[in-house]
Amino acid sequence: MAEINMVPFIDITLILLIIFMVMSPMLVQMQLTVDLPKSNAINTQTDDDVIRVEVQKDGTISVMNKKLTLKTLERELILRLGKANKKTILVQADKDVPVQQVVNVFDVAKKLGAAKLGIGVLAKN
């Protein structure tokens, strides 16, 4: 009685499956184009509503180009925020600054009740 040997058929099927699995992400990526929508919105927030806090690589903190320490930062932010706590605090840090220093600045700002907090990276000079 003759039997059909299925092993070569299974080997070829598995090889084709592997080839299709490897090639399908590349084919999808080549044909996928995304048209991003354009925004016509105007920035409604003025520069007066944003308080920029910069944290340098050496650990110095400056608010609107005024050098401070972490201890005097709270007093300076109290003066800048005033009674209207609708202002945004934007913390811009150097890429080499430890995250803990940025978190310390966020803690001070949140304790004072800033409306919004933002984070950014300082541009290279």
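Bear in mind that the values here come from a model prediction, so they are computed numbers and not experimental data. Sequence positions, counted from 1, serve as the residue numbers for this chain.
Residues V7 and I4 are members of separate hydrophobic clusters, defined by side-chain heavy-atom contacts under 4.5 angstrom among Ile, Leu, Val, Met, Phe, Trp and Tyr. Residues I15 and M23 share a hydrophobic cluster, clusters being chains of Ile/Leu/Val/Met/Phe/Trp/Tyr side chains in contact below 4.5 Å.
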Practice task
Determine, step by step, whether R80 and M64 satisfy the side chain to side chain contact (heavy atoms under 4.5 Å, CB included) criterion, reporting the C-alpha distance in whole Å, the side-chain angles of both residues, the deciding distance to 0.1 Å, and the verdict.
Solution key: CA-CA 10 Å; R80 300 254 181 202; M64 305 294 204; 3.7 Å; yes

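Every residue two or more places apart in sequence or in another chain that forms a side-chain contact (heavy atoms from CB on, under 4.5 Å) with Q100 is listed here: V103, N104.
In terms of heavy atoms, V22 sits closest to P25 at O-CD, 3.5 Å. Taking both residues in full, the closest heavy atoms of Q56 and D94 are given as C-CB, 4.3 Å, listed atom of the first, atom of the second, then distance. Closest approach of G120 and L90 over heavy atoms only: N-CD1, 4.4 Å. When all heavy atoms of V102 and A93 are compared, the pair lying nearest together is CG2-CB, 3.7 Å. Residues E74 and L112 share a closest heavy-atom pair of O-CD1, 3.7 Å. In plain terms, the two heavy atoms of T69 and I61 that are nearest each other are C-CD1, 4.4 Å.
At least one side-chain heavy atom of V63 sits under 4.5 Å from a side-chain heavy atom of L73. You'll find the side chain of I89 stays beyond 4.5 Å of the side chain of K116, heavy atoms only.
For the atom pair CD (E76) and NZ (K67), the distance works out to 13.5 Å, reported to the nearest 0.5 Å. Rounding to the nearest 0.5 angstrom, the gap separating the CG atom in D107 from the CG atom in L70 is 9.0 Å. Atoms CZ and OG1, on R52 and T88 in that order, are 10.5 Å from each other to the nearest 0.5 Å. Annotation: the span from L14 atom CG to I19 atom CD1 amounts to 11.5 Å, rounded to 0.5 Å.
For N65, the CG atom counts as loosely surrounded, since its 6.0 Å shell holds 12 or fewer non-hydrogen atoms of other residues, nucleotides or ligands.
The closest donor-acceptor contact from the side chain of S24 to the backbone of F20 lies under 3.5 Å.
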